[in-house]
Every structure is written in C-alpha cells, then in structure tokens.
Amino acid sequence: MERNKLVCTALCLCSKMTKDGEKERLFCMASSGKGPLAGLKVVDLSEFVAVPVAAKLFADWGAEVVKVEKFGGDDWRSYGPFFNTPYEDDENPLFDMEHLNKKFLALNLKTDKGREVIHRLLSEADIFMTNYRGDALKRLGLSYEDLTVLYPKLIFAHLTGFGEKGPDAGRPGFDVVAYWARSGAMLDLVPAEVGVPINAPFGFGDHITGSALAGGVLAALYKREKTGRGDKIIMSLFGHAIFCAGCMIMSAQDRYGDPLPRYRERPGSPVGHTYQCKDGRWILLSILVYDRYWPILCKEVLNRPDLLQDERFHTRPTPKGYSAELYKILHDEFKKKDSNEWSSLLRAADIAFENVAHFSEVTKDEQAWANGYIFEHTFKNGNKAILPKTSIQFGSYNVPNPLPRAGTRVGEHSADVLLKMGYTDSEIEDLEKEGIIKKPSSQ
C-alpha cells in the first residue's frame with residue numbers, strides 16, 4: 001500500500017515485505033489527505049532558488065502556492081545545461097525540484113492591469129514571498145510599506161543577497177556570491193595546501209537559507225494568530241551564511257586567531273577527520289566524546305591498545321598539541337584495510353563515522369529510499385528521474401509525491417488562478433489578448 005494513497009485519519013493496519021520475504025505487520029498513521037498548512041494561501045514572486053524553496057515547503061505541506069512569473073519565466077528554468085539536465089517544458093528536473101505542487105501565473109507587472117491582478121491575489125493571501133530587490137518592489141508598488149497598509153494581516157517575507165542596510169544593500173547576490181564567497185566558506189573549507197576556492201556549489205546555500213526562511217514565516221503566522229496582524233520577515237543569504245558558519249567565523253576572529261584554512265595534516269581534531277583507506281575510498285571519523293570513544297577506537301577498531309599508553313593522546317589533541325602526530329598515526333592505520341572492513345569495525349564499536357560518498361551514490365542509497373528522502377518522478381514526456389523530497393515529515397500527514405506529469409510550464413495555471421479569484425472567462429480572454437497574462441497555449 002502506497003503511503004501517499006492513504007486517506008483516512010485513523011490508524012490502519014499495514015504490511016510490508018521484509019528482506020526475508022515474510023510479511024511484517026505494523027500499525028501506521030494514515031494521512032488525512034490535507035497537509036498541516038491546508039487553507040493557507042501563498043504568493044511566490046521570486047526567481048532562482050532560495051525563496052522558491054521556502055514556497056515549495058509550504059506547497060508540500062498543503063498550502064495553495066501561486067508562483068508569479070514574467071512572460072519569459074523564471075531564469076532558473078534555463079539552467080539545466082549547467083547540471084547536465086534537460087530544460088524543456090516537458091522535462092525540467094532542476095526547476096521542478098523547487099516548484100512541483102505550485103500553481104503558475106504568468107503576469108505582466110509592468111502594466112496597471114497586471115498590478116491590479118496581483119493586488120487582487122494578495123488581498124486573499126496569507127503570505128507574500130519575494131527576492132526582488134527593494135527598488136524594484138517600490139516601483140511595482142509591492143514594497144512592505146505599500147502592502148502593510150492595504151493588507152495588515154499579510155506576512156511579507158523578503159530575502160536579499162546582503163541585507164536591507166549597509167553599503168551593499170542594493171547589490172545582486174546569489175548563494176555562491178553572498179553565501180559562499182562572502183562568508184569565508186569558499187576558501188577556508190578547502191585544505192590550506194590546495195590554495196584555491198572550492199567549485200561553486202550552486203543552490204546549496206539557497207536550500208539551507210530557504211528552509212530557514214520558511215521557519216521565520218511560520219513564526220510570524222503564529223504571532224498573527226495571537227495579535228491579528230501580519231509582519232515582515234527580513235533575511236539574507238549573507239546573514240544566514242554567517243549564522244551557519246558561526247563556529248568558524250567566531251574562532252577565526254583576531255581575538256582567538258584560529259588558523260583557517262587548515263592543512264590536512266594538522267586538523268582541528270584528528271578523530272574528527274577524513275582518512276583514505278586501502279581501496280582508495282575515504283572514511284570520515286567523528287568522535288566527539290573523546291574520553292569515551294578513544295579507548296574503544298584503539299582497542300576494538302585499530303587493535304592498537306599501545307596508543308592508550310601514549311601520554312600525548314590522553315586528552316584530545318588540538319592543532320596546538322599533537323594533532324599532526326595523531327593524524328599521521330591514523331593516516332597510516334586506515335591505509336591498512338579496505339573501507340568495508342573499517343566500516344564493519346566502526347559499526348560494531350558504535351562509533352560515529354561515514355563512508356564519504358559521491359552525489360551520484362545518493363540516488364542509490366537504501367537509507368534515503370527507506371525514509372522517503374528521494375522519489376521517482378514522471379515528467380510530462382513520460383521520462384522518469386529521481387528527485388529529492390521535502391525533508392520534514394509529520395506523524396499525522398504523509399507529504400505526497402507530486403502527481404506524475406505535473407505541470408510547471410510558464411502560465412500553466414493562469415486561467416485557473418484567475419477563475420478562482422472571480423474573473424470570468426471573457427475577462428481572462430481579454431487579459432490574455434492585452435498582454436496582461438500568458439497561458440501555455442499562447443507560447
């Protein structure tokens with residue numbers, strides 16, 4: 001029985017096949033078919049990744065999310081080739097990741113009638129999410145100052161590259177610019193001997209920041225429940241990068257002078273580091289409670305009880321105290337066995353570790369499939385691909401997989417959105433003829 005087909009609200013008796021081929025009976029909570037945000041209305045006026053991620057979370061949790069785009073569509077639609085993926089109307093996996101389950105309205109906001117449409121949409125909305133720059137919002141009459149007077153209950157979520165104040169407030173900023181480069185992560189997370197920045201990890205900071213933005217919006221909604229008034233959520237990629245990289249940014253300041261980037265052979269913690277095994281694969285060792293697990297590592301994993309007698313390692317080595325010496329010992333030890341042998345020993349010892357994977361391995365990861373972290377999606381053209389799924393789950397609601405062949409074309413739902421707002425068929429036809437809205441059939 002597929003979890004996304006369960007529609008009752010009571011407990012149901014389910015069964016699944018175990019690896020031994022026997023049926024395992026278990027109780028599971030069925031989905032009511034309505035997400036925790038059912039009834040909530042969100043207007044997503046944004047491009048690229050971070051804000052769309054936040055809006056996608058709300059869509060997956062049951063909210064009605066309308067993505068408003070220019071006639072040419074969100075520029076992120078065309079970035080597939082940078083990831084070796086197609087970017088056609090009938091198959092666009094890069095864009096679909098952040099947009100399945102939304103409705104798409106193509107609207108000309110440079111016209112009075114176009115702005116009239118979005119205001120009508122906002123008058124019914126709970127949340128307005130955007131990453132348009134402040135000046136652009138003011139020109140469109142969509143700034144917080146404009147909207148809070150008209151719609152005092154509206155939650156206004158604004159994401160920028162560098163923040164709304166300061167000398168760089170008006171600069172454009174994507175995640176590789178504001179999140180990775182400006183925060184120090186692009187240089188200081190690379191071993192010092194490499195001496196060059198890491199390859200730009202497109203979308204990584206966007207997803208982290210977008211997820212946090214969703215949390216801020218939910219906090220504002222909770223406040224509105226008590227006060228009856230909306231609020232403005234202010235967030236930037238740069239600001240959230242500082243928060244996420246807080247350990248390193250704090251320690252690298254002049255007062256403490258933590259030497260970043262580090263050399264591989266002088267790690268911050270030799271027992272929290274990567275080591276290459278005999279078969280060429282890498283293992284990440286992660287011992288945080290040194291006093292407890294150092295003896296176990298020495299005796300049960302490395303078979304080196306003699307290391308326990310070495311006074312240099314009675315306490316956790318740091319960069320200023322025997323870090324390089326212990327690194328060399330562990331480096332030589334891990335070279336003696338294949339990664340699967342070390343994995344068995346570390347699992348048996350209950351020591352936190354992981355085989356360092358490639359991105360390509362995640363779509364084959366049994367743990368990811370077992371927990372529903374990934375799913376197979378069917379595109380409009382019938383092709384299939386594996387996509388990541390919203391990571392937050394609920395005990396009483398199963399986030400459904402997007403419908404196969406779901407539409408994410410520019411203006412896919414323009415007519416449907418306007419009909420629901422009270423426009424007539426003839427009014428919608430006139431708006432299309434006047435170049436105010438766009439429908440897929442007119443592309």
Side-chain angles (χ1 to χ4, degrees), residues 37 40-59 61 63 65-68 74 98 109 118-119 121-122 125-185 203-246 249:
L37 299 185
L40 205 67
K41 295 184 179 181
V42 181
V43 177
D44 172 11
L45 178 67
S46 65
E47 293 194 328
F48 291 95
V49 185
V51 172
V53 164
K56 174 67 162 57
L57 291 175
F58 291 140
W61 299 338
V65 179
V66 177
K67 166 91 170 182
V68 179
D74 184 339
E98 276 72 65
L109 289 174
I118 196 169
H119 273 279
L121 193 61
L122 289 169
D126 297 284
I127 302 164
F128 177 53
M129 311 184 77
T130 185
N131 57 5
Y132 278 33
R133 283 188 263 179
D135 289 346
L137 291 172
K138 289 176 182 177
R139 287 196 302 270
L140 295 170
L142 297 175
S143 69
Y144 175 70
E145 290 72 22
D146 294 318
L147 298 184
T148 189
V149 174
L150 297 171
Y151 319 115
K153 291 186 177 182
L154 184 69
I155 306 297
F156 185 106
H158 190 208
L159 180 75
T160 65
F162 298 97
E164 293 189 340
K165 301 176 183 178
D168 293 328
R171 287 183 57 198
F174 301 99
D175 75 329
V176 292
V177 174
Y179 190 97
W180 288 97
R182 186 72 172 258
S183 70
F204 206 115
D206 282 323
H207 280 81
I208 297 169
T209 305
S211 299
L213 178 64
V217 172
L218 292 176
L221 282 170
Y222 178 71
K223 175 189 172 186
R224 191 181 73 174
E225 286 297 306
K226 296 187 293 183
T227 66
R229 290 196 60 84
D231 206 342
K232 183 180 182 181
I233 308 303
I234 307 164
M235 194 170 185
S236 75
L237 289 162
F238 179 46
H240 197 55
I242 292 173
F243 180 74
C244 292
I249 290 171

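The structure presented is a predicted model; accordingly, all values stated were derived computationally and were not measured.
K153 contributes atom NZ, which lies 10.0 Å from atom OG1 of T227 (distance to the nearest 0.5 angstrom). One distance of note links CG of L122 with CG of D146; it measures 11.0 Å at 0.5 Å rounding. Note that CZ of F128 and CG of L121 are 9.5 Å apart. Values are rounded to the nearest 0.5 Å. Y151 contributes atom OH, which lies 13.5 Å from atom CG of D126 (distance to the nearest 0.5 angstrom).
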message: Would E164 and K232 count as a salt bridge (charged side-chain N to carboxylate O under 4.0 Å, His left out) here? Give the steps.
response: CA-CA 12 Å; E164 293 189 340; K232 183 180 182 181; 3.1 Å; yes
message: With side-chain contact (heavy atoms from CB on, under 4.5 Å) as the criterion, how do L221 and L40 come out once you've worked through the C-alpha distance, each side chain's angles and the decisive distance to 0.1 Å?
response: CA-CA 10 Å; L221 282 170; L40 205 67; 3.8 Å; yes
task: For side-chain contact (heavy atoms from CB on, under 4.5 Å), just list the numbers for H207 and V49, CA-CA rounded to whole Å, side-chain angles, deciding distance to a tenth of an Å, and then say yes or no.
output: CA-CA 7 Å; H207 280 81; V49 185; 3.7 Å; yes
- request: Check the pair Y132 / H158 against side-chain hydrogen bond (donor to acceptor under 3.5 Å, both in side chains), numbers first and verdict last.
  value: CA-CA 8 Å; Y132 278 33; H158 190 208; over 6 Å; no
message: Walk me through whether W180 and F204 qualify under side-chain contact (heavy atoms from CB on, under 4.5 Å).
response: CA-CA 9 Å; W180 288 97; F204 206 115; 3.9 Å; yes
task: Start with the C-alpha gap between R139 and L137, add the side-chain angles, then the distance that decides, and say whether side-chain contact (heavy atoms from CB on, under 4.5 Å) holds.
output: CA-CA 5 Å; R139 287 196 302 270; L137 291 172; over 6 Å; no
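A salt bridge links D168 and R182; the closest N-O separation between the charged side-chain nitrogens and carboxylate oxygens is under 4.0 Å. Ion pairing between a basic and an acidic side chain is recognised when a charged N comes within 4.0 Å of a carboxylate O; D231 and R224 show no such pairing. Under the 4.0 Å criterion applied to side-chain N and carboxylate O atoms, D74 and K67 are assigned as salt-bridge partners.
Contact of the D44 side chain with the V66 side chain is not registered, since no non-hydrogen atoms from C-beta on lie closer than 4.5 Å. In this structure, L57 and L37 have side chains that are not in contact, with every pair of non-hydrogen atoms separated by 4.5 Å or more. Between H119 and L142 the shortest side-chain heavy-atom distance falls below 4.5 Å. Using a 4.5 Å cut-off on side-chain heavy atoms (C-beta onward), Y179 and C244 make contact. L237 has its side chain out of reach of T160: every pair of non-hydrogen atoms, C-beta onward, lies at least 4.5 Å apart. Using a 4.5 Å cut-off on side-chain heavy atoms (C-beta onward), F58 and I127 make contact.
Residues A54 and L213 share a closest heavy-atom pair of CB-CD2, 4.0 Å. Across L109 and L140, no two heavy atoms sit closer than the pair O-CD2, 3.4 Å. Minimum heavy-atom separation, A212 to M235: CB-CE, 3.4 Å. In this structure, L147 and G141 approach most closely via the heavy-atom pair CD2-O, 4.0 Å. Residues S143 and K138 come closest through the heavy atom pair CB-CG, 4.0 Å. Annotation for V43 and A125: closest pair CG2-CB, 3.8 Å, computed over non-hydrogen atoms.
In this structure, F174 has its ring center under 6.0 Å from that of F48.
In this structure, T148 contributes its side chain and Y144 its backbone to no donor-acceptor pair below 3.5 Å. Looking at N131, its side chain never comes within 3.5 Å of a backbone N or O of S46 through a donor-acceptor pair. Formation of a donor-acceptor pair under 3.5 Å by the H240 side chain with backbone atoms of S236 is not found in this model.
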